[in-house]
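Residue numbers begin at 1 in each chain, while the letters A, B, ... track the order of the sequences.
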2 protein chains.
Amino acid sequence: MTQATEHAPDDDAVITRSGAFADRDAWTAQGWCSIERALEVMGTRSTMILLREVYYGANRYEDLARRTGLSEAVTAARLKQMVADGLLTRRPYREPGARTRSEYVLAPRGRQLFPLVVALMEWGGSLDGPRGGVELAHADCGGRLGAAVRCEQGHDVSLAETEARIVRREPHRGAAKE
Amino acid sequence: MTQATEHAPDDDAVITRSGAFADRDAWTAQGWCSIERALEVMGTRSTMILLREVYYGANRYEDLARRTGLSEAVTAARLKQMVADGLLTRRPYREPGARTRSEYVLAPRGRQLFPLVVALMEWGGSLDGPRGGVELAHADCGGRLGAAVRCEQGHDVSLAETEARIVRREPHRGAAKE
DNA sequence: CACCTGGCTTTTGTCGGCCGAAGTCAGATG
DNA sequence: CATCTGACTTCGGCCGACAAAAGCCAGGTG
């Protein structure tokens, strides 16, 4: 749960700003914040809840509408938008004696949201609710899942060790990783 | 980026449902989903953006309003709500020759959102935008940060190895872990 | 003690998310 | 060829998120 702690107690730690970002007020460009960009796509409740059901293996329009409890109008609109945003892919299928229909499966960009989904579930589950709920576990060992912050070298990283820096349109790896 | 891969290619993997949750339609209790619970608190854009600025070290009302670009009305309302939800704590301070004011610092529950913040930034940054932006790095080694899914035993866990199960109000660790 | 300033609160209006119900449409069935 | 069904679309209507602007108040300054 707690990150690697050989540094100071995290109690007051925040992200360190470096370079041009050190003076926070000098940096007010539009669209710099990847959180805002992410929220433009993932920002609505219906998107997250539909994604949840797809992660749980629901693929068809009717199942998705029923299990999420969303209205058909919103389900249809959101699914269309999620396909356009690259979260889901339409895949045709055909049951015997029925016409061809399409089901919705995770696209790479949707699958890359796995840590976010886990982080959200973990945090939501830690809120003191009297009710139980669903939690995720490692099938192999049964241990509960959680999201951890790591760097490319594999080190666990705490808030106190985190630094924010500005990048200038480096070619994004992972975007075309189809 | 990709999880441990000695299993099948993740291309069609979803979360495995076990126990009473195996029949997804039989389980329709309200409030079971920790994602929905998390979204009740974190579900608005303004909450995430304010949290971002606090993570970047902004603590005072005026700074928060200006740097987030939110209106003062929303800033005040949201800060109050975030304090009530346990994300932030008010802390009084006093500048020489000014009256006592209060600033907003991360509370434990807000600090526990670190993996979520990182996951959101990482994913948002991977969306092909022509513009650069801010990214996070490990201060010690300079490596980029990302969110990873792990179990309690420390194993990296892929989607294919993930299992969902129902828990019955086990005492939540981490809630009172101050 | 009148004034200023910073930290909110209130008011008004717009926009988008969501629901519920009704309408559309294509293709399989009888 | 009429009918049915599943997958949407369209049409009000409500409600919460947010912006802009004005008002309020406590405490420090002249």
Problem set entry | B:R109 and A:W123: CA distance, side-chain angles, deciding distance, side chain to side chain contact (heavy atoms under 4.5 Å, CB included) verdict | CA-CA 9 Å; B:R109 194 169 282 171; A:W123 191 81; 3.6 Å; yes

From [atom1] of [X] over to [atom2] of [N], roughly how many Å is that when rounded to an integer?
| X | N | atom1 | atom2 | value |
| --- | --- | --- | --- | --- |
| A:E40 | C:dG17 | CD | P | 12 Å |
| A:R45 | C:dC19 | CZ | P | 7 Å |
| B:R94 | C:dG7 | CZ | C1' | 15 Å |
| A:L39 | D:dA17 | CG | C1' | 14 Å |
| A:Q81 | C:dG16 | CD | P | 12 Å |
| B:L50 | D:dC18 | CG | P | 9 Å |
| B:E95 | C:dG7 | CD | C1' | 14 Å |

For this session: With side chain to side chain contact (heavy atoms under 4.5 Å, CB included) as the test, would you mind laying out the steps for A:R101 and A:R60 before giving the verdict?
Result: CA-CA 9 Å; A:R101 309 189 184 285; A:R60 303 179 181 180; over 6 Å; no

For this session: Report the residues that fulfil side chain to side chain contact (heavy atoms under 4.5 Å, CB included) with B:E163, sequence neighbours left out, ordered by chain and then residue number.
Result: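 Counting only residues at least two positions away or on another chain, B:E163 forms a side chain to side chain contact (heavy atoms under 4.5 Å, CB included) with A:A139, B:T16, B:S18.
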
For this session: Output all residues satisfying side chain to side chain contact (heavy atoms under 4.5 Å, CB included) with A:S34, sequence neighbours left out; order by chain, then residue number.
Result: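 Expected list: A:R37, B:M121.
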
Problem set entry | Test salt bridge (Lys or Arg N to Asp or Glu O under 4.0 Å) applied to B:D63 - qualifying residues, sequence neighbours left out |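 Salt bridge (Lys or Arg N to Asp or Glu O under 4.0 Å) list for B:D63, sorted by chain: B:R66.
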
For this session: Kindly write out the residues that satisfy salt bridge (Lys or Arg N to Asp or Glu O under 4.0 Å) with B:R91, not counting sequence neighbours, or none if the list is empty.
Result: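 Partners of B:R91 under the salt bridge (Lys or Arg N to Asp or Glu O under 4.0 Å) test: A:D12, B:E103.
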
For this session: Find the runs of at least 3 consecutive base pairs, i with j, i+1 with j-1 and so on, that include DNA chain C, using Watson-Crick or G-U wobble geometry with both distances under 3.5 Å.
Result: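 Detected stem regions: C:1-30 with D:1-30.
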
Between N or O atoms, less than 3.5 Å apart, protein on one side and nucleotides 6-8 of chain D on the other: list the pairs.
unit_1 : atom_1 : unit_2 : atom_2 : d
D:dG6  : N2     : A:R99  : NH2    : 3.3
D:dC8  : OP2    : A:Y104 : OH     : 3.2
D:dC8  : N4     : A:E72  : OE1    : 2.9

For this session: Name all pairs fulfilling the salt bridge (charged side-chain N to carboxylate O under 4.0 Å, His left out) condition that reach into residues 41-52 of chain A, sequence neighbours left out, sorted by first residue then second.
Result: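 Salt bridge (charged side-chain N to carboxylate O under 4.0 Å, His left out) check on residues 41-52 of chain A returns A:R45-B:E36, A:R52-B:E36.
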
Exercise. Can you name the side-chain hydrogen bond (donor to acceptor under 3.5 Å, both in side chains) partners of B:R17, sequence neighbours left out?
Worked result: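 B:R17: no side-chain hydrogen bond (donor to acceptor under 3.5 Å, both in side chains) contacts found.
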
Exercise. At under 4.0 Å between heavy atoms, what does B:S46 touch on the DNA or RNA strands: base, sugar-phosphate, or nothing?
Worked result: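 The residue B:S46 makes sugar-phosphate contact but no base contact.
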
Exercise. So what does B:G69 hit on the nucleic acid, given a heavy-atom distance under 4.0 Å: a base, only sugar-phosphate, or nothing?
Worked result: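 Result for B:G69 = sugar-phosphate.
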
Exercise. What ring-ring contact (aromatic ring centres under 6.0 Å, His included) pairs are there with at least one residue in residues 133-163 of chain A, not counting sequence neighbours?
Worked result: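 For residues 133-163 of chain A, and leaving out neighbouring residues, the ring-ring contact (aromatic ring centres under 6.0 Å, His included) pairs sorted by first residue read A:H138-B:H155, A:H155-B:H138.
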
Exercise. Which residues satisfy the ring pair (Phe, Tyr, Trp, His ring centres under 6.0 Å) test with B:Y56, sequence neighbours excluded?
Worked result: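 With neighbours one apart ignored, the set is A:F21.
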
For nucleotides 11-13 of chain C, give me every protein contact, N/O to N/O, under 3.5 Å, one pair per line with atom names.
none

Please tabulate, for the side chains in residues 74-81 of chain A, all donor-acceptor contacts under 3.5 angstrom to protein atoms that are two or more places apart in sequence or on a different chain.
unit_1 : atom_1 : unit_2 : atom_2 : d
A:T75  : OG1    : A:S71  : O      : 2.8
A:R78  : NE     : A:S46  : OG     : 2.8
A:R78  : NH1    : A:Q81  : OE1    : 3.0

